[in-house]
Amino acid sequence: MNIAALVSGGVDSSVVVHRLKEQGYDPVIFYIRIGMENEQGFVDCPSEEDIEITTYIARKYGCKFEIVSLHQEYWENVVQYTIDTVKRGLTPNPDMMCNKLIKFGAFEQKYGKDFDKIATGHYATTTEYHSKTFLSTAKDSFKDQTYFLGQINYMQVSKLMFPIGDLYKKEVREIAAQAKLPSATRKDSQGICFLGKINYNDFIRRYLGEKKGPIIELETGRKLGEHQGFWFHTIGQRKGLGLSGGPWYVVGKNVEENIIYASRGYDTEAQYGKTIKMRGFRYITEDLLGDLRSQSANIFFKIRHTPDFTAGKIRFEPFSVKTEKPSISSLEKEDGIWIIESEEPLQGIASGQFGVVYDSNRKLCLGSGIIS
RNA sequence: UGACCAAUGGUGUAAUGGUAACACAACGGUUUUUGGUACCGUCAUUCCAGGUUCGAAUCCUGGUUGGUCAA
């Protein structure tokens, strides 16, 4: 079996190579460059160390190694998407787009297509069910990264391998240490990958500039202060408002009038919601929930990357009542709203983020939609 | 112009003679492959000048600034 392993130079993907070799495979290692180096002086992405380590890993395990650049694709799909989304007042999720469009999208088309499988260092697993492959959660629920994979499709999931999905992070580090991998003690990467050391606000400012507007208390309509542009704040956010007497949280925005609404105090009602409305929900593998317009289904879900799942019920409401055929397969294409009623109130439900739905055992990752 | 009141860190308050407290913000860090949340840490000798006192943010005098009422 031909396997392409996506290796970044971090512990996780290093151990992927180790495990694949252990299992008797001979993967070809790919390092994907996605930095923004040529873009308007935004040279960053200290990828040298990453590449050094990946080279070392490839040599140590005797694997073929290729560095490929998907920089162009990344810019056009992920960075542009991020800027556009923020501009519209929504909260983007670049890392989900990166998985969907770059690692398993552009990479597949250009290089991955020649391989039987693509292996990555995601904390996730796949499960055979109904003789089909489902994306499923990792053994280490704290590190579970299925949320970021919620947008991939069946073609992608059936080609993926997650060699460390059945390990705890601790075990991965131990394996790396035993194998004396240079990445054994490296700090986990975090934050939007393409930004590297660039500050998020600086990035936004660079492309969207600044535009002063009022911050208004939602409950009273009182003007509390000024912001530098609604795009610097997202729903649920506390940091950055600069208002005293708080804590203040962003609870709403008016994009047309450039207004940010805030609410004061811990656990105020305005910060929470129990209803999550989604558009464009898609199942990754297949519909296991049945006809959601006649009957809601019990599920677990996440509205952001968190260790815990929230229990709720999902249902579907078509826009027009006139459609009569309740055919399950047509459900995906039908226009309407998927509604999750959460069992507990959630803080910071932000439009533009994805709602990722899991089965009632918190095992299978069924699909996702955009929160509207 | 007169009277009265107030004046503490970026903000709002606390400490009324015993050596500056609390919250928010900001900054730094931890957690997190989004943004964010949460958690931890840092941040003032009290408007100015004199005086009383062993000792003053707290008392007195003058000034400066702000506010309220009077005109």
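If you're wondering where the values come from, they're calculated on a predicted model, not measured in any experiment. Just the heavy atoms: all of them, side chains too, but no hydrogens, waters or symmetry mates, feed the values below. Below, read A as the first sequence line, B as the second, and so on, with proteins coming before strands; counting in each chain starts at 1.
Across every strand in view, B:U52 sits unpaired, with no contact that passes the Watson-Crick or G-U test at under 3.5 angstrom. Within the shown strands, nothing qualifies as a pairing partner of B:U19 under the Watson-Crick or G-U definition with both distances less than 3.5 Å. When both pairing distances are held under 3.5 Å, B:U1 makes a Watson-Crick or G-U pair with B:A70. Remark: B:A26 base-pairs with B:U42; criterion is Watson-Crick or G-U wobble with both hydrogen-bond distances under 3.5 Å. The partner of B:U37 cannot be assigned: no Watson-Crick or G-U wobble pair with both contacts below 3.5 Å exists in any strand. Within the shown strands, B:U65 is the pairing partner of B:A6 under the Watson-Crick or G-U definition, both distances less than 3.5 Å.
For the pair A:Tyr74 OH and B:U34 P, the interatomic distance rounds to 12 Å; values are reported in whole Å. Atom CG in A:Leu149 sits about 13 Å away from atom C1' in B:U34, given to the nearest Å. Rounded to whole angstrom, the span from the NZ atom of A:Lys170 across to the C1' atom of B:U31 amounts to 18 Å. What separates OH of A:Tyr81 from P of B:G35 is a distance of 12 Å, to the nearest Å. Residue A:Phe162 contributes atom CZ, which lies 15 Å from atom P of B:U33 at whole-angstrom precision. When rounded to the nearest whole Å, the span between NZ of A:Lys253 and P of B:G35 equals 14 Å. The distance between atom CD1 of A:Ile235 and atom P of B:U37, rounded to the nearest whole Å, is 13 Å. At whole-Å resolution of the value, OH in A:Tyr249 and P in B:U37 are 8 Å apart.
Between B:C24 and B:U37, the two P atoms lie 13 Å apart (nearest whole Å). With P as the reference atom, B:G66 and B:A71 are 23 Å apart, rounded to whole Å. For the C1' atoms, the distance linking B:A23 with B:U8 amounts to 15 Å, nearest Å. Across B:A7 and B:A15, the matching P atoms stand 11 Å from one another, rounded to whole Å. Using atom C1' as the reference point in both B:G12 and B:G17, the two lie 26 Å apart (nearest Å). B:A3 sits 29 Å from B:U46 when the P atoms are compared, rounded to a whole Å. Of the C1' atoms belonging to B:G18 and B:C40, the separation is 33 Å, rounded to the nearest Å. B:A21 and B:A44: their C1' atoms are spaced 12 Å apart (whole Å).
Note on A:Arg315 versus A:Glu317: salt bridge recorded, some NZ/NE/NH1/NH2 to OD/OE distance being below 4.0 Å. By the 4.0 Å N-to-carboxylate-O rule, A:Arg205 lies close enough to A:Asp202 to be salt-bridged with it. Ion pairing between A:Arg362 and A:Asp144 fails under the 4.0 Å rule for side-chain N and carboxylate O. With salt bridges taken as basic N to acidic carboxylate O contacts below 4.0 Å, none links A:Glu219 and A:Arg264.
Here the nucleotide nearest the side chain of A:Thr91, chosen from B:U33, B:U31, B:G35, is B:G35. Closest approach to the A:Pro94 side chain among B:U34, B:U33, B:A26 is made by B:U34 (side chain taken as heavy atoms from C-beta onward).
A:His122 comes within contact range of at least one nucleobase, with a heavy-atom separation under 4.0 Å. Backbone-only contact: A:Gln237 has heavy atoms under 4.0 Å from sugar-phosphate atoms and none from a base. Residue-level contact check: A:Gly348 touches neither bases nor backbone, having no heavy atom under 4.0 Å from any strand. Across all strands, A:Gly121 comes closer than 4.0 Å to no nucleic acid atom at all (heavy-atom distances). Nucleic acid contact for A:Arg304: base, since at least one base atom lies under 4.0 Å from a heavy atom of the residue.
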Distances under 3.5 Å between nitrogen or oxygen atoms of protein and nucleotides 21-24 of chain B:
unit_1: B:C24; atom_1: OP1; unit_2: A:Tyr266; atom_2: OH; d: 2.3
unit_1: B:C24; atom_1: O2'; unit_2: A:Leu243; atom_2: O; d: 2.9
unit_1: B:C24; atom_1: O2'; unit_2: A:Gly245; atom_2: N; d: 3.2
unit_1: B:C24; atom_1: O2'; unit_2: A:Gly246; atom_2: N; d: 2.8

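Summarising the geometry, atom NZ belonging to A:Lys21 is positioned 10.5 Å from atom CD1 belonging to A:Ile3; distances are rounded to the nearest 0.5 Å. The NZ atom of A:Lys169 sits 4.0 Å away from atom OH of A:Tyr123, with the distance rounded to the nearest 0.5 Å. Taking NZ of A:Lys277 as the start and CD1 of A:Ile371 as the end, the distance is 12.5 Å to the nearest 0.5 Å.
Mapping A:Gly240 and A:Asn99 onto RNA chain B by nearest heavy atom places A:Gly240 closer to the 5' end of the strand. Each of A:Gly242 and A:Gly236 lies near RNA chain B, and the nucleotide nearest A:Gly242 is the one positioned closer to the 5' end.
A:Gly165 approaches A:Thr125 most closely through the heavy-atom pair O-CG2, 3.5 Å.
With hydrogens and angles left out, the side chain of A:Lys143 and the base of B:U33 share no donor-acceptor pair within 3.5 Å. Scanning atom types as modelled, no donor and acceptor separated by under 3.5 angstrom connect the side chain of A:Gln347 and the base of B:U37.
Look at B:U13: its glycosidic torsion is beyond 90° from 0, and that puts it in the anti range.
Taking 4.0 angstrom as the limit, A:Lys187 places none of its side-chain polar atoms (N or O) nearer than this to OP1 or OP2 of B:U33.
When A:Ser13, A:Ser8, A:Ser14 are each tested for a side chain to side chain donor-acceptor pair (under 3.5 Å) with A:Ser183, only one passes: A:Ser14.
The ring of A:His305 has its center closer than 6.0 angstrom to the ring center of A:Phe148.
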